[in-house]
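What you are looking at is a predicted structure, and each value in this text was computed from that prediction instead of being measured. Nothing fancy with the numbering, it's 1 onward along the sequence.
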Amino acid sequence: VGACITFKCLLHWNAFQAERTTIFDKIIQSVGSILEENQDNNEVLAHWLTNSVTLLALFRKYVRPPSESGMQRRSRAPSGLFAFKTSGIFS
């Protein structure tokens with residue numbers, strides 16, 4: 001659920017319109033810090049691995065690679081928060 005909420009927020013904030021934004025740097029830095037602090041906690045590592053893989057799958061499905069006009073969505077993302085589940089992301 002965390003990855004879905006993060007992705008929906010990034011869509012809402014139009015974070016995909018620039019090649020690199022500070023929001024992505026902050027997300028990467030935050031996750032990295034959490035992982036460093038919890039290297040021996042398998043539950044925390046599994047949680048963040050699951051969220052990272054889900055977020056990557058959402059990026060690949062809905063975001064185009066950088067082009068001349070910057071980042072753009074491939075298609076309109078599902079409207080509901082849990083629409084990702086019905087669209088095949090988790091199946």
Side-chain angles (χ1 to χ4, degrees):
V1 173
C4 295
I5 292 171
T6 301
F7 186 75
K8 293 293 283 186
C9 289
L10 292 171
L11 283 177
H12 179 73
W13 297 330
N14 296 318
F16 304 119
Q17 292 183 358
E19 282 189 37
R20 187 172 180 98
T21 63
T22 56
I23 189 76
F24 292 110
D25 292 335
K26 288 180 182 181
I27 290 171
I28 292 167
Q29 186 178 36
S30 297
V31 172
S33 296
I34 291 168
L35 293 177
E36 285 180 15
E37 293 171 8
N38 295 286
Q39 290 179 2
D40 298 327
N41 187 337
N42 287 336
E43 291 179 18
V44 172
L45 295 175
H47 169 79
W48 285 105
L49 177 62
T50 302
N51 277 307
S52 298
V53 169
T54 303
L55 194 55
L56 177 61
L58 292 169
F59 285 154
R60 286 186 174 173
K61 183 167 183 167
Y62 294 105
V63 179
R64 289 185 189 165
S67 65
E68 295 174 7
S69 62
M71 302 279 285
Q72 297 179 9
R73 288 185 277 174
R74 281 188 189 161
S75 62
R76 183 163 174 79
S79 58
L81 175 62
F82 296 103
F84 296 114
K85 187 171 183 176
T86 60
S87 68
I89 292 291
F90 297 111
S91 55

List the atom of [X], the atom of [Y], and the distance in Å for their closest heavy-atom pair.
{"X": "Cys4", "Y": "Leu58", "result": "CA-CD1, 4.1 Å"}
{"X": "Asn51", "Y": "Ala3", "result": "OD1-N, 3.1 Å"}
{"X": "Gln39", "Y": "Glu36", "result": "CG-O, 3.4 Å"}

Gap separating the [atom1] atom of [X] from the [atom2] atom of [Y], nearest 0.5 angstrom:
{"X": "Gln29", "Y": "Ser33", "atom1": "CD", "atom2": "OG", "result": "5.5 Å"}
{"X": "Asn41", "Y": "Ile34", "atom1": "CG", "atom2": "CD1", "result": "11.5 Å"}
{"X": "Leu10", "Y": "Ile5", "atom1": "CG", "atom2": "CD1", "result": "12.0 Å"}

Shared hydrophobic cluster, [X] / [Y] (ILVMFWY, side-chain heavy atoms < 4.5 Å):
{"X": "Tyr62", "Y": "Trp13", "value": "yes"}
{"X": "Leu45", "Y": "Leu49", "value": "no"}
{"X": "Leu35", "Y": "Val53", "value": "no"}
{"X": "Ile28", "Y": "Leu56", "value": "no"}

> Is Thr54 close to Phe7 at the side-chain level, that is, under 4.5 Å between some pair of heavy atoms?
Replying inline: no
